[in-house]
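Report on the following structure.
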Protein chains: 2
Amino acid sequence: MYARVENDTKGRRQVFEACAEPCAIERGMRMIGGKWTGSILWHLKDGPVRFNDLSRMIGGASKKMITERLRQLEARGLVRREVMDTAPISVQYEITDFGRTAIGFLDALRAWTESLPQDTSAP
Amino acid sequence: MYARVENDTKGRRQVFEACAEPCAIERGMRMIGGKWTGSILWHLKDGPVRFNDLSRMIGGASKKMITERLRQLEARGLVRREVMDTAPISVQYEITDFGRTAIGFLDALRAWTESLPQDTSAP
DNA sequence: CAGAATCCAACCGGATACTG
DNA sequence: CAGTATCCGGTTGGATTCTG
């Protein structure tokens with residue numbers, strides 16, 4: 001089981017892939033290398049965050065993207081979604097223990113990127 | 001200097017970006033998270049490899065993609081291209097010292113991916 | 001051998017508007 | 001607040017053909 005094909009509400013074909021790539025590097029990249037995926041995981045590392053807060057933390061990504069990536073991370077077991085019974089409604093996203101196993105790698109990546117010469121920004 | 005815009009031979013707009021993303025995770029991902037980029041770097045870690053050999057090592061990627069990614073890695077200083085004076089012509093790609101600084105976390109990624117349950121493949 | 005050129009369908013992702 | 005739905009232009013990347 002490596003690729004899952006479903007139809008969305010309008011019957012359009014949607015492909016979810018766990019990646020059939022034999023190279024571990026490549027599979028890993030497709031697991032957490034998607035646009036915004038790493039950032040989301042990173043911003044969840046210190047505790048649960050609500051949807052709109054996450055949206056604000058990751059400036060540049062549209063809500064659509066954030067939602068898509070969160071759903072993907074949830075399906076892969078890296079993130080947990082929890083609906084709080086408040087008014088107005090609020091939803092919390094939390095990194096799972098499994099998700100946390102990826103933080104080490106992400107931190108190595110962060111360190112590497114920040115060490116680059118043309119780099120003068122904050123994480 | 002973060003985005004460079006050029007026109008190709010047919011005057012079509014081409015955008016090369018060093019990524020203006022303020023988040024280091026995100027920038028890093030765009031630096032080495034492109035499709036096949038990590039794999040290429042990984043397969044160069046043990047010494048110079050020729051174009052077609054690389055192509056064969058990374059089954060699934062078209063020559064077009066390999067070429068594109070190699071050019072990108074070269075432009076970013078992670079890889080060196082060397083034309084050997086032989087007949088027929090042969091070209092070697094070699095990882096630079098700078099490129100080698102990325103191998104650490106690529107290996108962390110590999111280890112993480114291989115530890116995943118549904119994983120039964122070789123790198 | 002090591003690409004470059006061209007074509008084109010599929011996918012991506014931002015903008016916008018709407019909802020319970 | 002936390003999304004969903006829809007539109008749509010731009011980009012991606014595979015297939016194919018050609019070349020020095």
Side-chain angles (χ1 to χ4, degrees), chain A residues 3 5-17 19-21 26 29-30 33-37 39-40 48-74 79-94, chain B residues 3 5-17 19-21 26 29-30 33-37 39-40 48-74 79-94:
Chain A
V5 181
E6 291 176 10
N7 288 337
D8 66 8
T9 44
K10 290 297 175 195
R12 284 170 305 201
R13 182 188 155 92
Q14 290 280 95
V15 182
F16 302 88
E17 46 180 340
C19 190
E21 196 52 46
E26 209 53 38
M29 281 300 184
R30 311 227 180 143
K35 206 172 178 182
W36 312 117
T37 306
S39 301
I40 291 179
V49 181
R50 293 175 55 180
F51 182 82
N52 275 0
D53 290 338
L54 197 55
S55 219
R56 254 168 259 125
M57 294 164 106
I58 308 176
S62 64
K63 286 164 137 200
K64 180 188 172 187
M65 276 303 97
I66 304 274
T67 305
E68 257 180 51
R69 289 295 105 96
L70 279 170
R71 295 283 179 274
Q72 204 168 84
L73 286 168
E74 201 191 349
V79 157
R80 186 181 309 117
R81 178 175 183 271
E82 203 168 341
V83 182
M84 318 302 281
D85 191 9
T86 59
I89 190 178
S90 94
V91 178
Q92 252 187 10
Y93 289 92
E94 193 173 2
Chain B
V5 180
E6 291 177 9
N7 287 340
D8 66 8
T9 43
K10 289 298 175 192
R12 284 170 305 201
R13 181 189 156 91
Q14 291 279 95
V15 182
F16 302 87
E17 44 182 342
C19 191
E21 197 51 46
E26 208 55 38
M29 281 301 184
R30 313 228 179 142
K35 206 172 178 182
W36 311 118
T37 306
S39 300
I40 291 178
V49 181
R50 293 174 55 180
F51 183 81
N52 275 0
D53 291 337
L54 198 54
S55 219
R56 255 168 257 125
M57 295 164 105
I58 309 177
S62 64
K63 284 165 137 198
K64 180 190 172 186
M65 275 303 97
I66 304 274
T67 306
E68 257 180 51
R69 288 296 105 98
L70 279 170
R71 294 281 179 276
Q72 205 169 82
L73 286 168
E74 201 191 351
V79 157
R80 187 179 310 116
R81 177 175 183 274
E82 203 167 342
V83 182
M84 318 300 285
D85 193 7
T86 59
I89 190 180
S90 94
V91 178
Q92 252 188 9
Y93 289 92
E94 191 173 3

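Computation of the quantities below employed the complete heavy-atom set of this structure, encompassing side-chain atoms and omitting hydrogens, waters and symmetry-equivalent molecules. In what follows, chains are A, B, ... by sequence order, proteins preceding strands, each numbered from 1.
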Stepwise side-chain contact (heavy atoms from CB on, under 4.5 Å) check, B:Lys35 with A:Arg30
CA-CA 8 Å; B:Lys35 206 172 178 182; A:Arg30 311 227 180 143; 3.5 Å; yes
Straight-line distance of A:Leu54 CG to A:Ile66 CD1, nearest 0.5 Å:
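Answer rounded to 0.5 Å: 5.0 Å.
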Below 4.0 angstrom from OP1 or OP2 of [N], is there any side-chain N or O of [X]?
X       : N      : answer
B:Lys64 : D:dT16 : no
A:Arg81 : D:dA2  : no
A:Arg56 : D:dC1  : yes
A:Arg71 : D:dT4  : yes
B:Arg50 : C:dA2  : yes

For [X] and [N], what is the distance between atoms [atom1] and [atom2] respectively, to the nearest whole Å?
X       : N      : atom1 : atom2 : answer
A:Ile58 : C:dG14 : CD1   : C1'   : 16 Å
B:Met57 : C:dA2  : CE    : C1'   : 17 Å
A:Phe51 : D:dT4  : CZ    : C1'   : 10 Å
B:Glu26 : C:dG13 : CD    : C1'   : 13 Å
A:Lys63 : C:dA15 : NZ    : P     : 13 Å
A:Leu70 : D:dC1  : CG    : P     : 16 Å
B:Met84 : C:dC1  : CE    : C1'   : 14 Å
A:Asp85 : C:dG20 : CG    : P     : 19 Å

Pairs flagged by salt bridge (Lys or Arg N to Asp or Glu O under 4.0 Å) wherever residues 58-69 of chain A is involved - sequence neighbours left out
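Residue pairs with at least one partner in residues 58-69 of chain A: there are none.
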Given [options], which nucleotide is nearest the side-chain atoms of [X]?
X       : options               : value
B:Thr67 : C:dG3, C:dA2, C:dG14  : C:dG3
A:Met65 : D:dG14, C:dG14, D:dG3 : C:dG14
A:Pro88 : D:dG13, D:dG3, D:dC1  : D:dC1

Report the C-alpha distance between B:Arg81 and B:Val91 in whole Å, list the side-chain angles of each, state the deciding distance to 0.1 Å, and finish with yes or no for side-chain contact (heavy atoms from CB on, under 4.5 Å).
CA-CA 7 Å; B:Arg81 177 175 183 274; B:Val91 178; 3.9 Å; yes
Which residues pass the side chain to side chain donor-acceptor pair (under 3.5 Å) test with B:Asp53, not counting sequence neighbours?
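B:Asp53: side chain to side chain donor-acceptor pair (under 3.5 Å) contacts with B:Arg56.
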